Every structure is written in structure tokens, then in C-alpha cells.
Chemist: 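Before anything else, here's the structure in question.
These numbers come from the heavy atoms of this one structure, side chains and all, not from hydrogens, waters or symmetry mates. Remember, predicted model here, so these are calculated numbers, not experimental data.
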Amino acid sequence: MIGQIIHGADFAAEHGTETFDFVIIGSGAAGATAARVLVDTGATVAIVEEGSQVTSSDFTDTVWPALRDLYRGTGAQVTRGRGAMGVVQGRCLGGSTVVNSAIAWRMPETVWQSWETEYGLAEALPYAEIVQRWAQIDRELSVQPTAPEVWGGNNVLLEKAAKVLGVLAGPTSRYTAGCLGSARCQLGCPNRAKRSMAETYLPYAVESGATIITNARAERVLSDRSRASGVLIRASERRESGRRGRTLTIHARKGVVVAASAVQTPGILARSGLRSPHLGKHFQAHPGALVAGVFDREVSIWNGATQGYNVYQYLDDARCKIETLSLPPEILFARLPGVGSRWLEEIAHSNYLATLAIVLRAHAEGAVRERRWFGGTDIRYDLESRDISNLRKGLRFACELLFAAGAREVLTGVHGLPERLTSPDQLRSIEAGPDDAACYSLTTSHLFGTARMSPDPAGGVVDADFAAHRLPGLYVVDSSVFPTNLGVNPQHTIMAIAMYGAERIAEMNS
């Protein structure tokens, strides 16, 4: 039986209500993977997605349509704290997998060992089982190192620097098939080469009978006799109507699976009446900073894989990873120094820039809660002093890599440091840089915690079977259950754990 993808307003008009075995909230890496597992058991599945369905024909090479149609809050979501940090999330069918760089990194075993020893999750998340799921995902989503043929100038320069300095590095493994190196990952792949959930697991689920309801916000999980029994959704009206969408109930015979991200999941659980001292707490992230090197020859960062090469020499020592990052022109231009004619001159020379991102595995924990006024989500997050220290180490290392690649100067983007460094001899100034987080321009798209897993209700929100401690039939399978961040790109681990979790959920409800 073939399923369907239907706009929430049309679903409300045609059905009013309907019953499925499982209702999944969220269609990103976790939700789509859970659906891919559950449909194979013969279960009837509904997937509720707040955003719209988009296809490759909808993608453009300009930023505003992408921000409007693909990103939560048009990309303007920020943390609250001493140093406001951009929080980038997809909000469309397929979630953040549509707009990320399709990077597939396995969780380091040392991180899992901390989950085992500090959080008692060895039985809940056996490492050998997660490894098996990674292997399956590798096959199904064509995980492979970025081919040199699509590196482009940015990735070539980082490889050169890594060889000069003799550091641990290599091409980035990604979910791709036939990548053409268009450097447009953040705007949606126009070539359908990125193996996002919108191109892979979601179509698989629909072909196996799943119903996907787009443009529908999950208001709360409903319960009957102290068990999750469905989801109350608010369907968005189509733009031309100008009306507020109507609410309706989707019933779940066996369970509700929440996979809405570490930012949205705690709000859904709280609105559903779930109470835990850990709900919305322990928010963790990978703050990222950007540096640019100026070269004497054209680099053309908009030709080649968006993120095709990474350096992981200091993944443990300084808790940071360095990777190439080609930003869309409009976003890169906004980060260039100067105003007026001087800024225009910088834009004119932007094709001579190479850009690197520093991804930090921060120690800091924050909190997420829904705003009482004006709606939206309040994300409170402040870096610790040791995080700033590691960030400075990562910044210095990234600048060292750019100089090793042949840059004649480096733009640091840090308030309180020289705007430009013209010699490796000046790198010492970075580690003596400001301690104030507000001096650094940071963004994150890697989000963790807020509904963490614990065998003991006193220690977390969900149990070892991914079930909410105080509401049977309610499950959580996204990165909100992670007790810590990972230090590497999380999609691969999110998918593997969601796959394992969905299998457990299916077994418990067979």
C-alpha cells in the first residue's frame, strides 16, 4: 500500500481524525529513521512535520528563499546569554538533513565509554549494536569520503596545510551519491545528490504505507488512562487563506515517538504534562567559529564540496575539530570587515578567500524552555572559561593551517584581536585573546540533551527503552536523549540510535 504526503490543512479537511499504530513527531534524521524501521514491521505510521514539503525544484542559489522555506525562524534563532549564539535548524520535510552538509561521523568510542561509566547506559545503548546500525546506514545512504574531483579550492588548501604540518586529517565522509561540488548544501542540494531524509528514508516510508502530514505543529501528546494515545496537532492554513489553522487529533494505538530535536522536544513534552527536573536541562552544543585566509590566487570557495575536508588533530586535547566551510555569498559578505566602500572592496576580493570552521565540543550546559510571552523557545547557554580557552586554541590552530596553506593574511573575526594577522608570528595573540564570549561570533547546529536518557527516573527523562519515565507509550529517539555532546557531527549517531531505539519500541509493542 502506498502512503501519502499531505498538507495539514488538506488532511484536516479530508479526514478530521485518523488512527495509526505509531505517530512520529518530526521528520528529520531521527524521525525519518524511526519511520523507516517501523514501517518494515507492518505497523501503520503517521509522521507529523511542522514545516513544508520542499523539492529540489524549489531550491534556489540565493539565501532569503532558503531561510524562509527551509530554516526555523528564518535562521535567526539565537541563544540567550553573555555571548548570543546562532542556532541553526531546518524546518521542512526532512528537517536539518535538507540544509546540513551531509557529514557522517561516527561517535568516538571514548564518548560512549563516558556514557557507560557516568550515566549507566551500557545496556541501554550497546556500542556493538550502534556499530551495526552505522554499517547499515553507510550502505543505505552511500556514505563515502568526499572525492578529490569535487574538492574545489577550499578543500584542496586544507589538505595542503594538513600535509605541511603533519596533522591528523582527511576527506570528510558524507551521505552523497553523485555530488557535483556545487557548494550549496545549506540552500538545499539542487542536484539531488545529498542523501537527505527527504530523498531517502521518507520516500521509503511513504512507499511502505506511511502518511506524512506537513505544515502541522504538534501541540501536545494526549493520554488515555495514563498512557500516550495520540497527538493534538494544529494544521497551518495555506498562505492564501490568511486564517489560523484548525486543531485535530491523530490517535496512536501503540505509541507516540517524539523526534523533534533537543530544542523542540522538551517543549512538546512539557506541554503534554510530562514533569522531570531534567526536562529542558543539560542542553549542550558544538559552538562553531569561522576564520578566513586571504590568498594571492583565486580560491573560489563556491566551487567544490561545501564541507569536504577536516582536521581532527586536537579532537581530544583541545576538544575541537577544524573543517572547511563554504558559506553562501550573502552570509559570507555579512561577516567581512569594514563598512561602505571598504566593505565593497572586501566583497570584490572574496573569491580569494578560504574559510575554515572551528567546531568546539563545549563543556557548558544550558537550558531550553518555551517563552511565556511572544511564543518561541528560550535557549539559555553560556560558555565556560575552559570552553573559551579551548576555542582560542582552535582558532589559533585554524589560523596556523591557513598560513601553512599559503595565506598572506588571516581574518580572525574576533573583537579585541587584530582584524588581520599577516604572519604566523602573530598567532600568540589569539591565545591571549579576550575571555568574554561576546567577543566571538559563534553558531551551532549540533544540539544535545534536554530529555536525557537514564535507567533511573531521578537521573533523566526517558528510560533505557526510550520510553518516558512517567508516561507509558511515549518515546523519544532524537539527540535530546544524549547525556552529552559528541565532539563530531551528530547525524550519523542520531540515526543509528534512532534506528536501534525504533527496533526496541517495535519489539515492546509487537
Chemist: Below 3.5 Å, can you tabulate the donor-acceptor pairs from side chains in residues 180-190 to any protein atom, sequence neighbours excluded?
Modeler:
residue : atom : partner : partner atom : Å
Arg184  : NH2  : Thr60   : O            : 3.2
Gln186  : NE2  : Ser326  : O            : 3.3

Chemist: If you compare all heavy atoms of Thr306 against all heavy atoms of Ser101, which two are closest, and at what distance to 0.1 Å?
Modeler: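 Heavy-atom minimum between the residues: CG2-OG, 3.7 Å.
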Chemist: Could you walk me through whether Phe448 and Leu486 pass side-chain contact (heavy atoms from CB on, under 4.5 Å), step by step?
Modeler: CA-CA 9 Å; Phe448 312 85; Leu486 307 180; 3.7 Å; yes
Chemist: With no hydrogens and no angle check, is any side-chain donor or acceptor of Thr172 less than 3.5 Å from a backbone partner on Tyr309?
Modeler: yes
Chemist: Which side-chain N or O atoms in residues 3-14 pair as donor and acceptor under 3.5 Å with protein atoms at least two apart or in another chain?
Modeler:
residue : atom : partner : partner atom : Å
His7    : ND1  : Ala9    : N            : 3.0
Asp10   : OD2  : Arg238  : NH2          : 2.4

Chemist: Please report the C-alpha distance between Asp478 and Ser261 in whole Å, then the side-chain angles of each, then the deciding distance to 0.1 Å, and finally whether the side-chain hydrogen bond (donor to acceptor under 3.5 Å, both in side chains) criterion is met.
Modeler: CA-CA 6 Å; Asp478 59 27; Ser261 87; 5.8 Å; no
Chemist: Among Asp21, Val45, Val206, which residue meets the side-chain contact (heavy atoms from CB on, under 4.5 Å) test with Val39?
Modeler: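 Passing option: Val45.
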Chemist: Is it the case that more than 12 heavy atoms not belonging to Arg253 sit under 6.0 Å from its CZ atom?
Modeler: yes
Chemist: Looking only at side chains, do Asp456 and Ser454 share a donor and an acceptor under 3.5 Å apart?
Modeler: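 No, no side-chain donor-acceptor contact under 3.5 Å.
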Chemist: Compare all side-chain heavy atoms of Tyr314 with those of Asn390 and state whether any distance is below 4.5 angstrom.
Modeler: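 Heavy-atom side-chain distance check fails, nothing below 4.5 Å.
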Chemist: Describe, in one word, how the ring planes of His446 and His286 are oriented to each other, choosing from parallel (under 30°), tilted (30 to 60°) and perpendicular (over 60°).
Modeler: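 Perpendicular: the ring planes of His446 and His286 meet at over 60°.
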Chemist: One thing to verify: whether Lys194 and Glu199 come together as a salt bridge, which I'm taking to mean a side-chain N less than 4.0 angstrom from a carboxylate O.
Modeler: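 The answer is no: the pair does not qualify as a salt bridge.
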Chemist: Report yes if the distance between the aromatic ring centroids of Tyr381 and Phe283 is under 6.0 Å, otherwise no.
Modeler: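 Tyr381 vs Phe283: aromatic centres under 6.0 Å.
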Chemist: If we ignore hydrogens and angles and just use 3.5 Å, is the side chain of Ser223 paired with the main-chain N or O of Ala228 as donor and acceptor?
Modeler: no
Chemist: Find out whether Phe482 and Thr493 are in side-chain contact, i.e. whether some heavy atom of one side chain is under 4.5 Å from a heavy atom of the other.
Modeler: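 They are in contact (side-chain heavy atoms under 4.5 Å apart), so the answer is yes.
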Chemist: Ignoring hydrogens and angles, tell me if any N or O in the side chain of Asn100 forms a donor-acceptor pair with the backbone of Ala102 under 3.5 Å.
Modeler: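 Yes; judged by distance alone, with no hydrogens or angles, the pair exists.
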Chemist: Looking at Glu219 and Arg271, what are the two nearest heavy atoms and their distance?
Modeler: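 So the minimum-distance heavy-atom pair works out to O-NE, 2.5 Å.
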Chemist: Is the backbone of Ile103 close enough, under 3.5 Å, to the side chain of Asn489 for a donor and an acceptor to pair up by distance?
Modeler: no
Chemist: Heavy atoms only: give me the nearest Arg133-Glu129 pair and the separation to one decimal.
Modeler: NH1-OE1, 2.6 Å
Chemist: For the residue pair Leu269 and Leu279, what are the closest heavy atoms and their distance?
Modeler: CD1-CD1, 3.8 Å
Chemist: Thr97 versus Gln491: any side-chain heavy-atom pair under 4.5 Å?
Modeler: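 Yes. Closest side-chain heavy atoms under 4.5 Å.
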Chemist: Would you call the rings of Trp134 and His492 parallel, tilted or perpendicular, where under 30° means parallel and over 60° means perpendicular?
Modeler: parallel
Chemist: Just so I know, are the side chains of Met107 and Trp112 near enough to count as touching, which here means a heavy-atom distance under 4.5 Å?
Modeler: yes
Chemist: Can Arg91 and Glu50 be counted as an ion pair, charged N to O under 4.0 angstrom?
Modeler: yes
Chemist: If I take atom OG1 from residue Thr450 and atom CD from residue Glu365, how far apart are they, to the nearest 0.5 angstrom?
Modeler: 11.0 Å
Chemist: Within the distance-only criterion (no hydrogens, no angle test), does the side chain of Gln313 pair as donor or acceptor with the backbone N or O of Ala169 below 3.5 angstrom?
Modeler: no
Chemist: Compare all side-chain heavy atoms of Gln284 with those of Thr484 and state whether any distance is below 4.5 angstrom.
Modeler: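 In contact.
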Chemist: Quick check: do Val257 and Phe466 have side-chain heavy atoms less than 4.5 Å from each other?
Modeler: no
Chemist: Distance from Met453 atom CE to Ile497 atom CD1, nearest 0.5 Å?
Modeler: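 Reported to 0.5 Å precision, the distance equals 7.5 Å.
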Chemist: Applying the side-chain contact (heavy atoms from CB on, under 4.5 Å) test to Leu274, which of Val462, Val476, Val461 qualifies?
Modeler: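 Single pass found, and it is Val461.
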Chemist: Give a yes or no on whether the backbone of Ala464 and the side-chain of Arg504 come within a donor-acceptor separation of less than 3.5 Å.
Modeler: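 Side chain of Arg504 to backbone of Ala464, a donor-acceptor pair under 3.5 Å: yes, one is there.
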Chemist: So, are Arg36 and Glu140 salt-bridged, with charged N and O less than 4.0 Å apart?
Modeler: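 The answer is yes: the pair qualifies as a salt bridge.
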Chemist: Taking it one step at a time, do Ser56 and Arg192 satisfy side-chain hydrogen bond (donor to acceptor under 3.5 Å, both in side chains)?
Modeler: CA-CA 6 Å; Ser56 59; Arg192 302 186 66 183; 4.5 Å; no
Chemist: Would you mind reporting whether Val37 and Met499 have side-chain heavy atoms less than 4.5 Å apart?
Modeler: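 Yes, close enough: below the 4.5 Å cut-off.
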Chemist: For the side chain of Arg452 and the backbone of Lys281, is there at least one donor-acceptor N/O pair under 3.5 Å apart?
Modeler: no
Chemist: Where the side chain of Thr355 meets the backbone of Leu325, is there a donor-acceptor pair that is under 3.5 Å apart?
Modeler: yes
Chemist: Is a side-chain donor or acceptor of Asn310 paired with a backbone partner of Gly170 at a separation under 3.5 angstrom?
Modeler: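 Pair found, side chain donor or acceptor close to backbone of Gly170.
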Chemist: Would you check, one step at a time, whether the test side-chain hydrogen bond (donor to acceptor under 3.5 Å, both in side chains) holds for Asn154 with Thr324?
Modeler: CA-CA 7 Å; Asn154 211 30; Thr324 53; 4.8 Å; no
Chemist: So, do Tyr475 and Val258 sit near enough that their side-chain heavy atoms are less than 4.5 Å apart?
Modeler: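 The answer is no, as the side chains (C-beta and beyond) never meet within the 4.5 Å cut-off.
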Chemist: Is Asp316 salt-bridged to Arg361, cutoff N-O under 4.0 Å?
Modeler: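 Salt bridge absent between Asp316 and Arg361.
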Chemist: Where is the tightest heavy-atom contact between Ser480 and Thr265, given as atom of each residue plus distance?
Modeler: OG-CG2, 3.7 Å
Chemist: I need the minimum non-hydrogen distance between Val98 and Leu93, along with the two atoms involved.
Modeler: CG2-O, 3.4 Å
